[in-house]
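Report on one structure; see the data block that follows.
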Amino acid sequence: MNNISKYTTTIILAGLLTVAGSGCKKFLELTPLDNRVEQNFYKTEKDANEALNSVYDALQWHTNAGGGGFSPDPMMADIASDDSYAGGGSRSDSPEMIQIDQQKLLTNNSLIRVYWANHYTGIYRANLLLQKLPGISMSDAAKAKIAAECKFLRAFFYFDLANWFGKIPLILAPQEPSEYCTAQAAPAETFNQIAKDLVEAIPVLDKADLRTSKAHATRWSAEGLLGRIYLFYKGVYKAELQAGSVAVNGAYVLTQLKDLIANSGHDLLANYADNFTKANEFSKESVWEISYSNDNPWFDWNYIQGGEGNMQPQMQGPRIDGDPNYNTGWSFAPVTQELYDAYEANDPRRTATIINMETDLKGKVSPGYQHTGFFSKKYTTTNEYRTTAGQYELNWGNNYRSIRYSDVLLMAAELDLSNGGGSAQEYLNKVRGRVSLPGKTVTLAAVYQERRAELALEGIRYWDLLRQGLPAASQAITISGKRGPGYNGDQVDYNVTFNQATRGLFPIPQSERDQCPVLKPNF
Amino acid sequence: MLFLLYAFGLKAQDLQVKGKVTQKSDGSPLPGVTVTIEGGTGGTSTGPSGEFSLNVPRIGTVLIFSQIGLETQRYTVANSSFVNISLTDRPTGLADVVVIGYGTQVRRNVSSAISSVKPDQITQTPVQRVEQALQGRVAGVQVTNVSGQPGDAPTVRIRGIGTNGDASPIYIVDGFQVGGIDYLNPSDIQSMDVLKDAASAAIYGARGGNGVVLITTKSGAKNGRTSVTYDGYYGIQNAWRKMNLLDARQYVVMMNEGAANAGNSIPFPDISKYPSGTGTDWQKALFQKNAPMYNHQVAVNGGTDKNSYAINFSLFDQKGLVGGDKSDFKRYTFRANSDNQVKSFLKVGANVAYSHINRTAIDPNQEFGGVLNNAINLDPLTPVIENDPARAATYNANAVRDGNGNLYGISPYVAQEIVNPLARLAVSNGRTRVDKLVGNTYAELKIINGLVLRSTFSIDLAYVNGNGYSPLFFLNTAQQNVTSSVSKSVDRYYTWQAENVLNYNRTFSKHTLGITLGTTSRRENAESLYGSNSGLVVTDPNMAYLNLAVDAGTAKATGGAGQSALFSLFARANYSYADKYLLSASIRRDGSSKFGSNHPFGYFPAVSAGWIFTEESFIPKNDILTFGKLRASWGQNGNDRIGDYPWAAVIGVGRGYTYYNGSGNGYTSGASPSYIANPDIKWEASEQSDIGLELTFLRNMFTFTADYYIKTTKGWLLQVPIPLSVGVPAGTANGGSVRNSGIELALNYQQSFGKLKVNAGINGSFNKNKVTEINNAEGILGGAGISTYGQVERSTVGMPFSYFYGYQTDGIFQNVAEVNAYSRNGVKIQPDAVPGDVRFKDLDGNGIIDANDRTMIGNPTPKITGGFTFGLSYKGFDLNSFFTGAFGNQIFNGTRRQDLNTSNMQTLYLNRWSGEGSTNQYPRFTWNDANGNYTRISNLYLEDGDYVRLKTLQLGYTLNKTIATKLKLQALRLYVSGDNLITLTDYTGFDPEIGARSSLDIGIDRGIYPQARTFRLGLSATF
């Protein structure tokens, strides 16, 4: 062999050995280029805010859909109540929504599984940020504020879960594998924790309206939510709440609501119907509101929850073509004749709440399943929300008005009646006065009637019925043989029987029980 | 003059030719060889010592020597001297060189299971993708076209499905694993060798678990001659079948019946308006007639034993059977290979291939809005073009028009995703362009005799450019686009690999030793960029650029990157003694950046042995069994296709919220972990044992190969389900295993009868697949679903991978008494049923039909796959035929959207129950399917998927050499070819070849893009 070959061989072999030796381990140690990993995140205030955004993101899933199902909470609750049917294009459009309507829920219903999963995702994100906060370098005040928002959001998620499922696992920190499959907590434990989160959040959260807070939860949001939770718990479970050392009873909650009424600056809008227009998002009437938009135009049908759109308008919009005001939706949750008939004469809230096909629609409507001729007007496919970017169906920007000031007034009236505050009549009349209805003597029944008219199709009716007791709920929800003029299918399709045995609850998802035998049926 | 007389004289008295015939390989005399006179009568055969004598008419007479098992030889009589003829054995392939990983071996000495495909087989069918050349050719390799769409990758499975992830083999081109094989011009291939067992593939360690396909491209000739070859063909494609769908009359009758059965009013009271045989034939409107395909290529090949080169250019274009330009695959390839013996001890060379692919595509098997699904489901009453001015006036402003400005019809009957397929095609504008450069350079250094060091550096650089454009359209109320948008994406993939391999080969007396040592360093990088915007100000798709999209605030850009690295050491020893006993062992150590920190390295050992028993003295040399080899192997492999960072808890972004900021655009991104970290993650491991037998007999007239294997794949990567209440998905983890076992048989036959040569081959694979572990609480791996009815396939322990899962039907209720009688403890099992509805089996016997009554109702994976070839040649003519088939599988016919009452249907639905005793198979048709006749997934949906298909029939003519020479050509061949001419199947959908959309979505027909029946005219000329 001559020198050239020896030289070449040496170079090649040397290169080979170099790579084989010390360089090898480094060569193989690659970390993601376009993603951060948990180890290098949760360091700065910016990280903390990003993490907080992810908790708010899960909030949108309350009325968003995705993850394998289409399950806006307010729509499901209205369908379960006597205000809406299941609807959809045909009987086979969503058999699972029909299960909710007919109160015949199977444990493998994917809507409730998705609902369960979405809410626990929000809880995980809140728990994780609460766990990481102490290690993040930022001011204590900023930390406290973020912690308070996390607690508010966690309370919101847990309330959604507890009202639908009753007994649920109460998870307050990210879990290690050994902790998966937590046994269910008693409702009292869950609701007390919800109250505790809110009681702790109230003094820290901003005293601001939602525009000032830029849609972050405010002190007033938390006070309003506490009122809603207390009334539901008191009604269904007939007990008071205990938030740590604070006794959360009727008087305590009324104090909070009165604080809201007196100090928040929130008030009723002059015109009831204005509440659901784009111009009045985060209005003075809105105490707590979930934000949607088409700011992040979305196309992905397989990951709907990645977008910012609200699916509820698309789901319950009329199946219409060629209408100057409305775009085509999927005609879920058609409104019952019962709700239409529930309004007092001259109550303008009926036309503000219900699209009456005969008078309101000009395009061609394709009647869907359980067609009644009525659709929700509050969350629907109006032109002003029609998307200019992204997939048409996935980008409705209708904000969900979660707690309106009128609701706060009526909650306060209800609590005032039993706690002798003397303001109940004033609160009720204020709500009625806004829609030019004459005053009416305040009673519990009057408040409930007012709530139905004022808050219809906002996902509240069902809970109001359940807290009046199962017989009352059953009487209201069970429908047999009633037929409105717009109905066009078989009578049997419009009959509903409330199932007292399940107490109005969703069953624990089958897949979850298969994973965790420790989970027991909740009814 | 004298010469003439002389010749004349000879004729008169005949010329006697004497000679001896021997076997070329060992010089032994050949008795019984037939000797005939071409074009004449008479002949003889050789005696015991191989000698013969024969009188022939004249000088110039041609004698033909033939015997079974030997190549026929011609001899032109020149004079009367003694003739020595030696006949060669027919080629057995035993002397062929087989490419094994990091080296070559003669087939005779291979002790593991490797199958080869020859170049003429590769180019015989019009394959636009290399994988298709494997279909039906190689036992143990199942290739199923996923669709007939140009450019769609078929499903390739070597010895069954081994994983829930990507179960495709890896492709190694000239020693370099490439990402995607569609860039390669099939004509560039010199050889294709499939490593099927673990022992052969284990040298590829963590990547070889699903088999390895080794491809070697053509190198230059070393004979000093330069040749220029043109190959080309032009073909036309047509649908080989249309589905039988209802015409207008049948449709309205069925709809009336469906409505009536549901208690609804009848939608078409006057059926006389819809005469029989009328109505829109959407398939006819959709399928292109004579869709063209063509291929042109020019190859220049030349060189000496020192420097040689091969240069090749090709252009291939195939327009789709559906959609024409909207479903088009066009590829340009350019390749230059060169080898240079620089010094006696040093050889260097380079292979460089550039490809450009320009592709448009539609979704080929899609129930939500696929054009084929639309063509099946759209009612026959809607016209292709709306001709009624009154109705046209009511159409939306964005309704789609054809090239002549006519409005495409919009159905008033069928809604949701079912729209006019031509309108949908008209607004589909996806286009992908790929520029890919694959190259390698090598230096081969002979250090001492027998010891060679080869260093190779390879790159694979690809730019993939995606283009999307969605115009304003209105297909129906549910399918409309109110904002035009345009999107562009650029993905750059760059891989480099440095490899050093030391080979030592030495023979000492009866010992032959081969040792291979090597290292591989490999690095893969990917980067992507995507942008989109709304409000395109033009409507010309060719001007769909972001600069012309002007909507404010809707522009979007994303981009990312990924990387991975592999570092490996490997070693192999091949040893044979007396060409009789063969032994091979190898080991590879792979380190990968993809593996978790707890398992950075994997070790993959293998061993194989062979015994050529016909070399043993106790088997005397004979003409019956000429060669026999028994071999056995064992080895372990891995599959590292587990994503770039499966071990990390990646922080997912984009999880944002729209905060209020007074002016809109309040969206703010958020972040949280996408899943839980798993430092334990590693490759999937497969272990395989193989026993093989190779025989050639009757003087090589037949060759036979048989293999039996057992392959177990463990440690699939699963996202193990954890309770949803945890709130974050589990990371990927290893869990789950499957066992594939099977038999592969191949038999080839070749024989000459004078000038008539015959060859035939048959191969078959019988594979059994059983899932042995699924590492989650439920022991279930969910599979694909259909439409709105949920899961159709799943995998469970003890069952085949991804089987069809659903209810078992038990005939049709013929009358009320039968409905009532189907009860348990006096309670009706199907309370919603009425006569004409399906009786479902209550398998768990609990008195109700519920989810627990579902069971395995079929298997989408064939039990047997195979191929059959038959060829003849006579003088210049050759005829080749090639059949493939699959047996023992079912197809899920999900072509009808059962969730939409008014969708059209196949005519077999006319066999529906129409009264007591009418049928026990098909239920009544009703719009209100309360009994769940079709909403429940059941065996009603399944059809047998067995098929046999005449894949290719080709007739060629090669010009006589003398004439060719006169035309200044070295060779000229013309051929006509038909593809997919005959398909025998009971399946009623478009095509029984339905591959896997993914590993967990197999054999579900949602309206598949069928294979084309093609006629081609081709020419090959060498100058």
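In what follows, every heavy atom counts, from backbone to side chain, and hydrogens, waters and symmetry copies are set aside. So you know, we letter chains A, B, ... as the sequences are listed, proteins then strands, and number each from 1.
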Tell me, out of [options], who's got the most heavy-atom pairs with chain A below 4.5 Å.
options: T483(B), V728(B), I676(B); value: V728(B)
options: G666(B), G652(B), S564(B), G656(B); value: G656(B)
options: K594(B), Q480(B), R523(B); value: R523(B)
options: D929(B), I722(B), D850(B), T935(B); value: I722(B)

Considering only heavy atoms, which portion of [X] lies under 4.5 Å from any heavy atom of chain B: side chain, backbone, both, or neither?
X: L129(A); result: neither
X: Q175(A); result: side chain
X: R211(A); result: both
X: S293(A); result: both
X: N40(A); result: neither
X: C181(A); result: both
X: T31(A); result: both
X: E289(A); result: backbone

Contacting region of [X] [heavy-atom separation from chain A under 4.5 Å]:
X: R454(B); value: neither
X: A930(B); value: neither
X: E527(B); value: neither
X: Y645(B); value: side chain
X: D644(B); value: neither
X: S593(B); value: both
X: W647(B); value: side chain
X: F595(B); value: neither

Can you find a heavy atom in the side chain of [X] that is under 4.5 Å from one in the side chain of [Y]?
X: Y657(B); Y: D295(A); value: no
X: P673(B); Y: Y42(A); value: yes
X: S511(A); Y: L724(B); value: yes
X: N296(A); Y: K556(B); value: yes
X: T212(A); Y: Y660(B); value: no
X: Y659(B); Y: Y56(A); value: yes
X: T477(B); Y: R319(A); value: no

Can you tell me how far the [atom1] atom of [X] sits from the [atom2] atom of [Y], to the nearest 0.5 Å?
X: T394(B); Y: K364(A); atom1: OG1; atom2: NZ; answer: 9.0 Å
X: N396(B); Y: D321(A); atom1: CG; atom2: CG; answer: 6.5 Å
X: E393(A); Y: Q479(B); atom1: CD; atom2: CD; answer: 7.0 Å
X: S672(B); Y: Y124(A); atom1: OG; atom2: OH; answer: 6.5 Å

Please determine, among [options], the option with the most heavy-atom pairs under 4.5 Å with chain B.
options: R386(A), H119(A), Q39(A); result: R386(A)
options: F282(A), W116(A), W330(A), Y180(A); result: Y180(A)
options: L33(A), T328(A), T121(A); result: L33(A)

Where [X] and [Y] come nearest, the two heavy atoms and their spacing:
X: T658(B); Y: S291(A); value: O-OG, 2.6 Å
X: L566(B); Y: F27(A); value: O-CE2, 3.4 Å
X: V653(B); Y: E50(A); value: CG1-OE2, 4.4 Å
X: S54(A); Y: A671(B); value: OG-O, 3.3 Å
X: T668(B); Y: N53(A); value: CG2-ND2, 3.4 Å
X: L30(A); Y: A565(B); value: CD1-N, 3.6 Å

Q: Would you check if the side chain of D34(A) reaches a backbone N or O of A561(B) as a donor-acceptor pair within less than 3.5 Å?
A: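 Checked: pair present.
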
Q. Are a donor atom and an acceptor atom from the side chains of S725(B) and E512(A) found within less than 3.5 Å of each other?
A. yes

